[in-house]
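Residue numbers start from 1 in every chain, and the chains themselves are labelled A, B, ... in the order their sequence lines are given, proteins ahead of strands. What's counted below: heavy atoms across the whole structure, side chains too, no hydrogens, waters or symmetry copies. Source: prediction; values computed, not measured.
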There are 2 protein chains.
Amino acid sequence: MNDMSSEQGSPASILLIDDHPLLRKGVKQLIELDTDLEVVAEASNANDGVAAALEHEPDLILLDLNMPEINGIETLKMLREEGVDSRVVVFTVSDNEEDVVAALKAGADGYLLKDMEPEELLNNLNQAALGKMVISDRLTTLLAQALQSKRTAKGPDISSLTPRERQIIKLIAAGLPNKLIARKLSITEGTVKVHVKHLLKKLNLRSRVEVAVWAVQEGIK
Amino acid sequence: MNDMSSEQGSPASILLIDDHPLLRKGVKQLIELDTDLEVVAEASNANDGVAAALEHEPDLILLDLNMPEINGIETLKMLREEGVDSRVVVFTVSDNEEDVVAALKAGADGYLLKDMEPEELLNNLNQAALGKMVISDRLTTLLAQALQSKRTAKGPDISSLTPRERQIIKLIAAGLPNKLIARKLSITEGTVKVHVKHLLKKLNLRSRVEVAVWAVQEGIK
DNA sequence: TAAGAGGTACCACCAAAGGGGTAATTCCAG
DNA sequence: CTGGAATTACCCCTTTGGTGGTACCTCTTA
């Protein structure tokens with residue numbers, strides 16, 4: 001990949017995908033102030049955007065989240081499925097936690113808010129073109145909360161479990177069958193079954209698979 | 001909880017837990033410049049820290065990560081287990097991703113780096129005392145990466161699977177037994193078993209539990 | 001047309017998981 | 001000291017899961 005796009009080399013090519021023509025115009029004019037950046041294509045919807053990405057192979061794609069029919073997250077997934085390896089920066093008004101998390105999990109290389117200062121946007125786009133992940137500062141707290149919220153407010157309650165039961169949950173979540181758990185803990189398989197039986201009751205789950213899924217999601221390890 | 005600690009009310013009480021006496025002295029002197037903040041106790045290790053927290057019930061605990069014997073994360077867990085509901089802000093030199101993520105998952109209300117400007121620290125501590133989560137700006141990118149890293153570079157390969165098999169994996173990862181999967185897909189349980197048999201071979205896994213764990217970690221949904 | 005992949009369905013067999021019960025030990029708290 | 005929780009172990013039993021095999025149908029591709 002060509003990451004010599006700043007300095008003296010050719011400017012970084014950018015594809016704008018946004019259903020709002022006025023905003024595209026504004027962003028384009030702004031970007032043209034910077035000789036290191038160049039808008040090579042625009043699109044107003046997901047399908048055109050994917051096509052344009054495949055045609056121009058831009059260094060950077062600036063992607064709006066809020067679009068009719070196919071939203072930005074879906075568009076991002078489509079791009080990745082089509083093999084587009086451009087850096088994709090989400091550019092949107094939404095500071096909604098779900099959007100941010102979904103975008104990042106879908107493989108976004110950045111998430112910028114539309115209310116940022118123009119100079120700051122240029123700054124961030126240049127950084128992004130160089131391969132840096134760019135995130136609006138305002139989202140820091142939100143990201144931190146997203147990380148820890150995975151641990152809070154879930155279904156079953158771990159507090160009612162005995163130490164032995166928690167230990168066995170970890171081994172179940174590691175994919176071990178009862179026989180191996182027994183060997184590892186130097187107890188009989190029958191005893192392991194007893195513990196499993198008890199923890200299933202306490203957690204109100206129906207099988208060790210549900211236990212494993214729950215434990216993994218809960219980050220129990 | 002009393003979150004009237006700024007303005008005219010009594011200053012926010014702070015407990016320092018750090019094994020470095022000089023640093024405690026420095027931070028304390030800094031904090032005393034701010035009439036809204038007050039250091040009410042100090043501790044140089046985890047046990048003393050927990051004891052001090054229980055005794056003084058401070059509004060805010062400033063916690064170092066790098067301590068001998070019992071580290072900051074463990075200390076944080078101990079505090080929570082003892083029922084301490086003070087806001088806990090981690091204050092450390094480590095900008096290591098694992099530390100940040102571990103601290104947040106353990107329930108930290110903030111994560112500040114020791115190299116920050118003194119005024120900035122006071123600023124952040126005041127925010128923290130008011131209930132806001134405070135994170136050093138420098139960690140934004142790191143947090144974003146932590147969120148998406150869950151999705152990259154793992155063992156088995158999903159690409160060899162047929163659409164039907166992927167569909168069944170999702171249902172396994174939802175904790176469903178074969179019988180329910182069959183009902184949901186309107187096929188027989190025997191057929192589901194065939195698919196499960198095939199995908200286990202392809203993924204080189206030994207049981208549906210391993211499939212479920214893998215799928216959840218991989219974010220397949 | 002033939003070959004292969006994918007999906008469906010059935011069979012039999014054995015291993016694993018889960019539910020019920022009883023019971024011994026230890027250790028802690030009322 | 002007595003009762004309960006926790007851990008261990010055993011029993012029997014049913015359900016679920018996983019493996020091997022054969023078979024038929026549809027589509028796509030060589």
Side-chain angles (χ1 to χ4, degrees), chain A residues 81-83 155-218 220, chain B residues 50 54 77-78 81-83 155-218 220:
Chain A
E81 275 170 19
E82 292 295 329
D157 184 15
I158 197 177
S159 65
S160 60
L161 298 172
T162 68
R164 200 51 150 179
E165 286 163 352
R166 297 175 204 213
Q167 195 174 13
I168 286 179
I169 284 184
K170 292 176 198 171
L171 297 173
I172 289 177
L176 299 192
N178 291 335
K179 192 171 294 185
L180 287 188
I181 294 177
R183 208 168 294 162
K184 185 154 254 173
L185 300 181
S186 302
I187 56 180
T188 67
E189 184 184 348
T191 301
V192 175
K193 284 188 174 186
V194 172
H195 289 307
V196 172
K197 179 173 25 175
H198 290 160
L199 66 86
L200 283 174
K201 265 244 175 302
K202 287 183 183 177
L203 297 176
N204 194 30
L205 297 176
R206 272 144 245 87
S207 73
R208 67 197 296 105
V209 181
E210 290 190 358
V211 172
V213 170
W214 171 76
V216 171
Q217 287 175 339
E218 213 66 5
I220 296 173
Chain B
V50 173
L54 290 172
K77 289 179 184 169
M78 286 168 63
E81 275 170 19
E82 292 294 328
D157 184 15
I158 197 175
S159 65
S160 60
L161 298 172
T162 68
R164 201 51 153 178
E165 286 163 354
R166 297 177 204 212
Q167 196 174 13
I168 285 178
I169 284 184
K170 291 177 200 170
L171 297 174
I172 289 177
L176 300 192
N178 291 336
K179 190 171 296 184
L180 287 188
I181 294 176
R183 206 168 295 163
K184 185 154 254 173
L185 299 181
S186 300
I187 55 180
T188 67
E189 183 183 350
T191 302
V192 175
K193 283 188 173 185
V194 173
H195 290 307
V196 172
K197 177 169 37 173
H198 290 160
L199 67 86
L200 283 175
K201 268 242 174 302
K202 287 184 184 177
L203 297 176
N204 195 29
L205 296 176
R206 273 142 244 87
S207 72
R208 68 199 293 105
V209 181
E210 290 190 358
V211 172
V213 171
W214 171 76
V216 171
Q217 288 175 340
E218 214 66 5
I220 295 173

I want to verify a distance call: between [options], whose nearest atom is closest to the [X] side chain?
{"X": "A/His195", "options": "D/dT7, C/dT8, C/dG7", "result": "D/dT7"}
{"X": "B/Pro163", "options": "D/dG17, C/dG7, D/dT7", "result": "C/dG7"}
{"X": "A/Lys179", "options": "C/dG18, C/dA16, C/dC10", "result": "C/dA16"}
{"X": "A/Lys193", "options": "C/dC10, D/dG18, C/dA17", "result": "C/dA17"}
{"X": "B/Lys201", "options": "D/dA6, C/dA17, D/dG20", "result": "D/dG20"}
{"X": "B/Thr162", "options": "C/dA17, C/dG6, D/dG17", "result": "C/dG6"}

Heavy atoms under 4.0 Å, any strand shown: does B/Val196 hit a base, just sugar-phosphate, or nothing?
->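 It contacts sugar-phosphate atoms only.
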
Contact class for A/Thr191 (heavy atom, under 4.0 Å): base, sugar-phosphate, or nothing?
->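 Base contact.
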
Euclidean distance, atom [atom1] of residue [X] to atom [atom2] of [N] [Å, nearest integer]:
{"X": "B/Ile168", "N": "C/dG7", "atom1": "CD1", "atom2": "P", "answer": "9 Å"}
{"X": "A/Glu189", "N": "D/dC10", "atom1": "CD", "atom2": "P", "answer": "11 Å"}
{"X": "A/Leu171", "N": "C/dA16", "atom1": "CG", "atom2": "P", "answer": "17 Å"}
{"X": "A/Arg166", "N": "D/dA6", "atom1": "CZ", "atom2": "P", "answer": "10 Å"}
{"X": "A/Glu165", "N": "D/dT8", "atom1": "CD", "atom2": "P", "answer": "11 Å"}
{"X": "A/Leu180", "N": "C/dA15", "atom1": "CG", "atom2": "P", "answer": "15 Å"}
{"X": "B/Glu210", "N": "C/dA16", "atom1": "CD", "atom2": "P", "answer": "13 Å"}
{"X": "A/His198", "N": "C/dT22", "atom1": "NE2", "atom2": "C1'", "answer": "12 Å"}

May I ask you to evaluate whether B/Arg208 reaches the phosphate of D/dG17, defined as a side-chain N or O under 4.0 Å from OP1 or OP2?
->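 Yes, within the criterion.
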
Phosphate oxygens OP1/OP2 of C/dT8: is one of them under 4.0 Å from a side-chain N or O of B/Arg164?
->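 Checking C/dT8 against B/Arg164, a side-chain N or O does come within under 4.0 Å of OP1 or OP2.
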
If you pin A/Asn178 and A/Lys197 to their nearest nucleotides in DNA chain C, which one's is more 5'?
->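 Taking each residue's closest nucleotide, the earlier one in sequence belongs to A/Asn178.
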
Considering only heavy atoms from C-beta outward, does the side chain of A/Leu171 approach that of A/Leu180 to under 4.5 Å?
->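 No, every pair of side-chain atoms sits at 4.5 Å or beyond.
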
Contact check, side chains of B/Leu203 and B/Ile169, non-hydrogen atoms, under 4.5 Å =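 Counting from C-beta outward, B/Leu203 and B/Ile169 do come under 4.5 Å.
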
Quick one: on DNA chain D, does B/Arg206 or B/Val194 contact a more 5' nucleotide (nearest heavy atom)?
->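 Nearest-nucleotide comparison on DNA chain D picks B/Arg206.
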
Among B/Lys193, B/Glu189, B/Arg208, whose side-chain hydrogen bond (donor to acceptor under 3.5 Å, both in side chains) with B/Asn178 holds?
->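 Single pass found, and it is B/Arg208.
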
B/Gln217 and B/Val213: side chain to side chain contact (heavy atoms under 4.5 Å, CB included), yes or no, with the steps?
-> CA-CA 6 Å; B/Gln217 288 175 340; B/Val213 171; 3.9 Å; yes

Go through the steps to decide whether B/Ile172 and B/His195 satisfy the test side chain to side chain contact (heavy atoms under 4.5 Å, CB included), and finish with yes or no.
-> CA-CA 11 Å; B/Ile172 289 177; B/His195 290 307; over 6 Å; no

